[in-house]
Colleague: 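For reference, the structure I am asking about is given below.
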Amino acid sequence: TMLATVYAMVFNDKNNMIKMKIPMIHCLQSPRFSGVSWPWASQRGRIVSLYFVTITILFMDMNLMAPNLSTIAEEFGMDDDERDVKLGGMIALGFFFVGAPVSFLVGWLADSINRSPLFAVTVFVGELGCLGAAFVTSYPQLYVCRVLTGISIGGAIPVIYSVLGDLYPANKRSAISAVVTTGTGIGAGIGQVLAGSIQSWRLPFIIVAVPGLLCSLLLLGIKDPERGASEAAWAMEEVDDDSTLESSTVLQDDDMKTSTCACDVLERGQNPQLEEEHTSHANAILTKCVTCESTKELMKIPTVILTILQAAPGALPFGFVSTFLNDFLQEQRGMTKQEATGVLLTFGVGNAVGVILSGFLGHFAYKKDIRAPPLIMGTSLILGCIPFYFLVNNVQGNNVGLASAVTVLSGILVVIPVPLERSILTNVCLPRLRGRSNAIVCIADDLGKGLGPALVSLLITSFDRQTAFNISLIGWIVGGVLSLSIVFFVVNDEARVQQQLLAQMREDANNDP
C-alpha cells in the first residue's frame with residue numbers, strides 16, 4: 001500500500017489516487033491565488049500538509065537521544081562528565097555546525113533552482129543518517145550519523161519558508177507559518193515520548209527514519225510554485241489609476257494600517273490571472289541576480305539584521321531543554337524515565353499550542369499594525385524565562401503535575417516568536433532573497449543550538465547543571481530585547497520590498513518591446 005501510494009502521488013496517477021482515496025498533491029496551474037479564509041480550503045493546503053508531516057518527522061529525529069543519554073553512555077563506557085560533554089555537547093555541536101553551512105548552501109540554491117527536488121534530497125540524506133544511528137557500534141560512528149542528520153534540519157527550513165512566501169500573501173504568512181511550525185513542537189514531543197517509552201534506544205531511529213525517507217519521495221511530486229506569486233505588488237501593477245496605486249502601496253501612513261490595502265485587492269479577486277507568457281517573464285525578473293552582491297543586500301535591511309542577532313542567544317536555552325533537561329529531571333530531581341519524558345512531552349504540547357496561538361495573534365495583529373508582531377515576539381520570549389526558572393530551581397521530582405503545568409506554560413511562551421520571525425523575515429525580503437535570508441537565520445539559530453549545549457556542558461563541569469541552565473536563560477532575555485527592537489524598522493523595510501518589486505515590474509514593462 002505504501003509503494004502504491006508513493007507511485008500514485010509522485011506520478012499523479014489519478015485513477016489509483018481516487019481508488020485509494022489519496023488526496024493529489026500538486027500546484028495549481030498558476031500560483032497567483034485569490035485569498036482564502038484558511039489555507040486548508042485550497043489545494044495549497046495539500047502541499048502544506050506534506051511539509052507539516054515532513055517537518056514533524058525531522059524534529060522527532062532531533063530529540064531521540066535525549067531520554068537515553070545515560071543508557072547510551074553506559075553502553076559506550078562513558079562516565080558522567082563524558083556523557084554530558086560527548087553525547088550532550090559535542091554531538092549537538094557537530095549536529096548543528098554541519099547544519100549551518102548546509103542551511104546556507106540550500107538557501108542559496110533555493111533562490112535559483114527547483115526547490116522540490118532540492119528539499120527531497122535534503123530530507124533523504126538526513127534521514128539516512130537517522131537510520132544509520134540505529135546500527136552504530138562506536139561513538140565515532142554515532143557522531144557521524146547524527147552530524148548527517150543535521151543536514152535535513154539545517155536545509156529544510158530555508159526551503160519551506162521560501163515556498164510558503166510564494167504561496168501566501170503577507171497578511172496570511174503568520175498563520176501559515178504557524179501551521180508548519182506546529183510540526184516542530186509536535187515532532188519534538190513525539191520524539192521524546194517514542195525514545196522514552198521503548199526499551200531499546202536504537203529502535204526509535206528506525207521508526208522515525210522510514211517515514212522520513214518516504215516523505216522525501218513524496219516531495220518529488222510537488223511542483224515548485226512561481227517566485228513572488230503572492231506579492232502585493234502584482235495587485236498594484238494591475239491598478240491603472242495613479243491615485244489608487246498610491247493608496248495601495250504599503251508605505252508608512254498615519255494610522256499604520258499598511259498591511260491591508262494591496263492584500264485586500266488580492267483577496268477580493270480583483271487581480272485577474274495573468275497570461276502564461278507574462279507569468280514566466282515576471283518569474284525571470286524575480287529569480288535573477290542570485291549573486292554575492294544580492295546576498296549583501298540582506299545585510300542592509302535592519303529587520304533582517306535584528307532577526308539574525310536575536311536567533312542565536314534565544315537558541316541557547318532551547319539547546320539545554322532538548323539535550324539535558326530530560327536527564328536533569330531524572331538524575332537531579334529523582335523522576336523516573338517515564339515521568340521525565342512526560343514532562344518534556346508537555347513542553348512539546350506547549351510548543352504546539354504556542355505556535356497555533358502565534359498564528360492567530362500574528363494574523364490579526366498584522367492587520368492592525370505591522371509593528372505588533374515583533375512586539376509580541378519580544379514580550380513572550382522574555383516572559384518565558386519566568387516559568388522555566390521556577391521549573392529548574394523550585395519544582396521537585398515528586399510533583400510531576402506541577403512540573404508539567406509549568407512546562408506547558410513556558411513551552412507556549414517561548415515558541416510564540418518562531419512563526420512570527422519567519423513571516424516578518426519573508427515580508428521584508430525580496431522573493432529572490434528569501435531562501436538565503438531564512439538560511440542565515442537558521443545559521444544563527446544553529447550557532448546557538450550548537451554552541452548552547454557545548455557551552456552548557458563546559459559550565460556543568462565547572463559548576464552544576466542547575467547553574468548552567470540558569471545562565472542559559474539569559475539568552476531568551478537578550479533575544480527578547482532584540483526582537484522588540486524590530487518594531488522601529490519593520491514598517492519601512494516592508495514598504496521598501498513592495499516598492500522595489502513595483503519598480504522592477506515597471507522597468508521591465510518599459511523595456512519590453
Side-chain angles (χ1 to χ4, degrees), residues 54 56-103 121-156 187-188 190-216 319-328 330-331 337 340-341 344 446 449-454 456-457 460:
T54 302
T56 299
I57 292 172
L58 293 181
F59 276 79
M60 286 171 60
D61 183 0
M62 191 174 70
N63 284 336
L64 290 179
M65 283 181 57
N68 296 296
L69 287 183
S70 296
T71 303
I72 299 172
E74 183 179 353
E75 181 173 327
F76 291 150
M78 300 178 183
D79 57 29
D80 289 348
D81 287 340
E82 288 178 319
R83 173 199 63 195
D84 290 335
V85 173
K86 290 185 176 181
L87 296 181
M90 298 308 296
I91 284 185
L93 197 65
F95 187 97
F96 290 107
F97 273 22
V98 168
V102 168
S103 180
V121 170
T122 300
V123 174
F124 184 81
V125 172
E127 291 308 298
L128 277 183
C130 177
L131 184 63
F135 304 100
V136 299
T137 57
S138 65
Y139 173 73
Q141 293 175 358
L142 178 63
Y143 186 87
V144 170
C145 288
R146 296 309 289 160
V147 166
L148 282 177
T149 304
I151 293 175
S152 59
I153 299 290
I190 294 176
Q192 291 273 358
V193 171
L194 183 65
S197 58
I198 296 177
Q199 187 70 24
S200 170
W201 66 267
R202 298 174 182 272
L203 183 57
F205 287 97
I206 299 175
I207 296 175
V208 171
V210 171
L213 293 171
L214 176 62
C215 283
S216 70
F320 182 90
V321 171
S322 62
T323 304
F324 292 108
L325 186 57
N326 192 304
D327 203 67
F328 171 82
Q330 295 179 51
E331 300 295 326
K337 180 179 177 180
T341 301
L344 265 293
D446 289 345
K449 289 178 180 177
L451 281 179
V456 170
S457 67
I460 289 172

Colleague: If you round to the nearest 0.5 Å, how far is CZ of F59 from CD1 of I190?
Modeller: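 Reported to 0.5 Å precision, the distance equals 13.5 Å.
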
Colleague: Using the salt bridge (Lys or Arg N to Asp or Glu O under 4.0 Å) criterion, which residues pair with E74? Sequence neighbours excluded.
Modeller: none

Colleague: Under 4.5 Å between any side-chain heavy atoms of Y139 and M90, yes or no?
Modeller: yes

Colleague: Any side-chain heavy-atom pair from L148 and L128 closer than 4.5 angstrom?
Modeller: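 L148 vs L128: side chains apart.
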
Colleague: Does any non-hydrogen side-chain atom of V136 lie less than 4.5 Å from one of Y143?
Modeller: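 Of all side-chain heavy-atom pairs linking V136 with Y143, none is under 4.5 Å.
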
Colleague: Identify the heavy atoms of C145 and G132 that sit nearest to each other, and give their distance.
Modeller: SG-C, 3.5 Å

Colleague: Ignoring hydrogens, what is the shortest heavy-atom contact between E82 and G77? Give both atom names and the distance.
Modeller: OE1-O, 4.0 Å

Colleague: In terms of relative ring orientation, are F205 and W201 parallel, tilted or perpendicular, with 30° and 60° separating the classes?
Modeller: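 Ring orientation, 0 to 90° scale: perpendicular.
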
Colleague: Which residues satisfy the salt bridge (Lys or Arg N to Asp or Glu O under 4.0 Å) test with D81, sequence neighbours excluded?
Modeller: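 D81: no salt bridge (Lys or Arg N to Asp or Glu O under 4.0 Å) contacts found.
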
Colleague: Any heavy-atom pair between the side chains of L64 and R202 that's under 4.5 Å?
Modeller: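 No, their side chains stay 4.5 Å or more apart.
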
Colleague: What do the steps show when you test T149 against M62 for side chain to side chain contact (heavy atoms under 4.5 Å, CB included), and what is the final call?
Modeller: CA-CA 8 Å; T149 304; M62 191 174 70; over 6 Å; no

Colleague: For T137, is there any backbone N or O sitting under 3.5 Å from a side-chain donor or acceptor partner on Q141?
Modeller: yes

Colleague: For the CD1 atom of I57 and the SG atom of C215, what is their distance to the nearest 0.5 Å?
Modeller: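 So the gap between those two atoms works out to 3.5 Å.
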
Colleague: Is there a side-chain contact between E127 and V123 in this structure, where contact means two heavy atoms from C-beta onward sitting under 4.5 Å apart?
Modeller: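 The answer is yes, as the side chains (C-beta and beyond) meet within the 4.5 Å cut-off.
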
Colleague: With a 4.5 Å limit on heavy-atom distance, are the side chains of S70 and E331 in contact?
Modeller: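 Side-chain contact under 4.5 Å: yes.
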
Colleague: As a test of understanding, state which of D327, N326, I91 forms a side-chain contact (heavy atoms from CB on, under 4.5 Å) with L69.
Modeller: D327

Colleague: Look up atom CD1 in I72 and atom CZ in R83, then write down how far apart they are to the nearest 0.5 Å.
Modeller: 11.5 Å

Colleague: Report the distance from atom OG1 of T341 to atom CG of L194, rounding to the nearest 0.5 Å.
Modeller: 10.5 Å

